[in-house]
Amino acid sequence: IMLHSTLALSLLLIAVSSNLAMAIKKEKRAPQTLSRGWGDEITWVQTYEEGLYQAKKSNKPLMVIHHLEDCQYCQALKKAFAENEEIQEMAQNNFIMLNLMHETTDKNLSPDGQYVPRIMFIDPSLTVRADITGRYSNRLYTYEPQDMPFLIENMKKALRLIQTEL
């Protein structure tokens, strides 16, 4: 009987620990859901407030992507963004990243209206950079798939501003 219960106990322990290992693995992969397809290697923050906090703490600019699931322009931009290695690498290493499917209460994030997609930069002093814009005068913060080189330039500009201004 003793042997039998020891065996049962060790089987139970094995079952529990493998479940635990799976739970830990799942835990590690949690940020993937936050990427929403914009880049699974990137660590995404969950909220604007968290993004501001992390930007200040890490002295990195915060990049905010406003988008909607059923917007074809957002989908096209997301694909170009996710496939661009230079953007992915910079986003991963030099930025605090946030993608939102709802508007924030911060009016500074919609200086020329609420539309998607739009990408804005906030520097570590928590200033929304209205001076880092895309190519279109009617929607200042919008980018199209072919604008990835332009977005890369703007990402570099956001990083340069930190060195020179702050």
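The main-chain N or O of Thr133 is found under 3.5 Å from a side-chain atom of Asn154 such that the two form a donor-acceptor pair. Remark: side-chain polar atoms of Asn108 are not paired, donor with acceptor, to backbone N or O of Thr127 under 3.5 angstrom. Side-chain atoms of Asn99 never come within 3.5 Å of backbone atoms of Arg36 as a donor-acceptor pair (strictly under, hydrogens ignored).
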Report all side-chain donor-acceptor pairs from residues 111-118 shorter than 3.5 Å, counting only partners two or more places apart or in another chain.
unit_1: Asp112; atom_1: OD1; unit_2: Tyr115; atom_2: OH; d: 3.0
unit_1: Asp112; atom_1: OD2; unit_2: Tyr115; atom_2: OH; d: 3.0
unit_1: Asp112; atom_1: OD2; unit_2: Leu140; atom_2: N; d: 2.8
unit_1: Tyr115; atom_1: OH; unit_2: Leu140; atom_2: N; d: 3.1
unit_1: Tyr115; atom_1: OH; unit_2: Tyr141; atom_2: N; d: 2.9
unit_1: Arg118; atom_1: NE; unit_2: Leu109; atom_2: O; d: 3.0
unit_1: Arg118; atom_1: NH1; unit_2: Glu103; atom_2: OE2; d: 3.0
unit_1: Arg118; atom_1: NH1; unit_2: Tyr115; atom_2: O; d: 2.8
unit_1: Arg118; atom_1: NH2; unit_2: Glu103; atom_2: OE1; d: 2.8
unit_1: Arg118; atom_1: NH2; unit_2: Leu109; atom_2: O; d: 2.9

Let me have the donor-acceptor pairs involving side chains of residues 46-56, under 3.5 Å, with sequence neighbours excluded, atom names and distances please.
unit_1: Thr47; atom_1: OG1; unit_2: Glu50; atom_2: N; d: 3.0
unit_1: Tyr48; atom_1: OH; unit_2: Asp106; atom_2: OD2; d: 2.6
unit_1: Glu50; atom_1: OE1; unit_2: Gln46; atom_2: N; d: 2.9

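Between Met97 atom CE and Ser35 atom OG the span is 10.5 Å, to the nearest 0.5 Å. Separation of atoms CD (Glu41) and CD (Glu85) is listed at 11.5 Å; rounding is to 0.5 Å. Interatomic distance, Glu89 CD to Ile42 CD1, rounded to the nearest 0.5 Å: 10.5 Å. Going from atom CD1 of Ile122 over to atom CZ of Arg129 covers 11.0 Å, rounded to the nearest 0.5 Å. The CD1 atom of Ile119 sits 8.5 Å away from atom CE of Met155, with the distance rounded to the nearest 0.5 Å.
In this structure, the salt bridge (Lys or Arg N to Asp or Glu O under 4.0 Å) partners of Glu86, at least two apart in sequence or on a different chain, are Lys156.
Side-chain contact between Met63 and Ile96 is absent, with no heavy-atom pair separated by less than 4.5 Å. When side chains are defined from C-beta on, Ile65 does not count as touching Leu98, because their heavy atoms never get closer than 4.5 Å. At least one side-chain heavy atom of Val64 sits less than 4.5 Å from a side-chain heavy atom of Leu100.
The heavy-atom pair separating Gly39 from Trp44 by the smallest distance is O-NE1, 2.9 Å.
Between the side chains of Gln88 and Asn84, no donor N or O sits under 3.5 Å from an acceptor N or O.
Connection of Tyr143 to Ile152 is established within a shared hydrophobic cluster, with ILVMFWY side chains joined at heavy-atom distances below 4.5 Å, either directly or through further cluster members. Under a hydrophobic-cluster definition in which Ile, Leu, Val, Met, Phe, Trp and Tyr are linked whenever side-chain heavy atoms come within less than 4.5 Å, directly or via other members, Phe121 and Val45 are assigned to different clusters.
Around CD of Gln146, the count of heavy atoms belonging to other residues, nucleotides or ligands within 6.0 Å exceeds 12.
Among residues at least two apart or in separate chains, salt bridge (charged side-chain N to carboxylate O under 4.0 Å, His left out) pairs with a member in residues 134-153 are Arg135-Asp147. Here salt bridge (charged side-chain N to carboxylate O under 4.0 Å, His left out) pairs that include residues 75-84, with residues two or more places apart or in two chains, are Glu69-Lys78, Lys79-Glu83. Every pair passing ring-ring contact (aromatic ring centres under 6.0 Å, His included) that includes a residue from residues 61-90 is listed here, sequence neighbours excluded: Trp38-His67, Trp38-Phe81.
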